[in-house]
Amino acid sequence: ALEYSKTLPALKEEEQEYAFYVQSDLLLEEDSSLFVNWIDRNRNRYGFRAYDRGNESFTNISRNQLTKMVLNQVGLRTPRGYANKEFIENLAGNFIVVNNEDNTVSGGLPNYWGYNGDSVIDIHPVELEELTDNGITYDVKGWFNTPITDMYSRITTYPHFFNLIEDAGLFDDVYYTFPFLTEGELYTIFVPSEEAIAELDTEALSQEELQQIVKYHFIRGARIWTDGSCPEGYYETLRVDESSTEFTTKYSSLYIETSPDLIRILDKDGAVYTEIPEQEGTSNVMIATDLDDNSTSRYDYIITSVIHEIDKVLIKP
């Protein structure tokens with residue numbers, strides 16, 4: 001499969017620290033998720049197929065899909081073990097979630113037995129004893145399942161924040177898009193709670209002021225997780241700063257303090273304005289972007305943004 005998908009050169013990169021989560025041949029046969037389909041043994045021509053449990057039929061797996069399936073199993077670094085959950089980017093542009101509390105791994109969604117199965121399983125990685133020179137290989141019992149929820153579908157699950165975006169005139173209800181965001185750009189989004197938004201006197205604010213408030217909750221160019229993997233410091237938001245001129249546009253920044261299992265947003269005096277603990281369902285919520293509109297494969301998605309819920313509205317003094 002590695003040779004067929006042409007992923008071997010990537011896995012041989014020197015001075016890397018890969019975490020490779022691999023299924024054994026025996027398990028692949030048991031869960032029917034990967035079969036060699038011989039076309040001509042004499043010429044070494046073959047392809048791959050799997051038993052699609054959802055449709056109860058065999059399906060061919062294209063080279064492109066197999067490549068992405070393999071790359072989803074390869075983290076760009078090995079787990080550190082210092083946070084409850086670690087979010088490790090993989091070679092496919094998605095993330096491997098390592099739960100250090102119960103020693104499980106996933107792709108951000110529950111794992112399923114077999115290809116397109118419906119039986120949820122926990123994957124407990126077992127480190128292989130063979131030495132490697134560019135990372136660690138783990139034996140696992142399944143393929144990782146990654147989120148495919150896009151920006152619109154995810155943001156609308158926070159109706160009060162979505163209503164705020166609509167009131168600010170930042171939502172296109174014809175194309176169901178957010179014109180102030182760029183497709184495929186990386187974002188970290190801080191979504192205020194319903195109670196926090198209720199305390200905001202929107203009636204006293206102009207639409208331009210509402211736009212500035214909404215944009216202050218979007219950090220561009222970074223996906224900040226609660227595992228402390230991102231450096232602390234100033235991160236640029238989408239809010240246009242008052243220091244901008246007619247010749248130069250500047251954007252307001254937020255100071256983000258990162259540590260294992262906790263993100264803090266500091267105010268202008270360096271005090272904690274609000275903090276985000278690692279918590280299932282309210283932090284590290286992933287948003288995916290579809291890279292191929294002509295395909296229906298779930299492996300065409302990559303994780304481009306992350307949402308954290310906060311208990312205060314961010315307003316620049």
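The basis for the numbers below is simple: all heavy atoms, side chains too, and nothing from hydrogens, waters or symmetry mates.
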* To do: Give me the one residue out of Tyr234, Tyr273, Tyr235 that meets ring pair (Phe, Tyr, Trp, His ring centres under 6.0 Å) with Tyr255.
  => Tyr234
* Asked: What do the steps show when you test Lys141 against Glu30 for salt bridge (charged side-chain N to carboxylate O under 4.0 Å, His left out), and what is the final call?
  -> CA-CA 10 Å; Lys141 299 185 182 301; Glu30 288 180 354; over 6 Å; no
* Sub-6.0 Å ring centroid separation between Phe20 and Tyr138 -> no
* **Validation row, ring centre Phe178 to ring centre Phe171 under 6.0 Å** => yes
* Can you tell me if OH on Tyr176 sees more than 12 non-hydrogen neighbours from other groups inside 6.0 Å? -> no
* Asked: Are Phe144 and Tyr21 near enough that their ring centres are under 6.0 Å apart?
  -> yes
* Polar contact flag, side-chain donor to acceptor under 3.5 angstrom, Thr7-Ser5 -> yes
* Side-chain donor-acceptor contact under 3.5 Å, Asn100 with Arg80 -> no
* **Ring centroid separation Phe190 to Tyr216 under 6.0 Å** => no
* Under the side chain to side chain contact (heavy atoms under 4.5 Å, CB included) test, residues paired with Ala1 that sit two or more places apart -> Leu34, Phe48, Leu66
* To do: Ignoring hydrogens and angles, state whether a donor on the side chain of Thr274 or Asp311 is under 3.5 Å from an acceptor on the partner side chain.
  => yes
* Asked: Listed by chain and number, what are the ring pair (Phe, Tyr, Trp, His ring centres under 6.0 Å) partners of Tyr18, not counting sequence neighbours?
  -> none
* Asked: Going by distance alone, is a donor N or O of one side chain under 3.5 Å from an acceptor N or O of the other, for Asp227 and Ser229?
  -> yes
* To do: Indicate whether the side chain of Asp150 and that of Ser153 have a donor and an acceptor atom separated by less than 3.5 Å.
  => yes
* To do: Please check if any side-chain donor atom of Asp52 sits under 3.5 Å from a side-chain acceptor atom of Thr59, or the reverse.
  => no
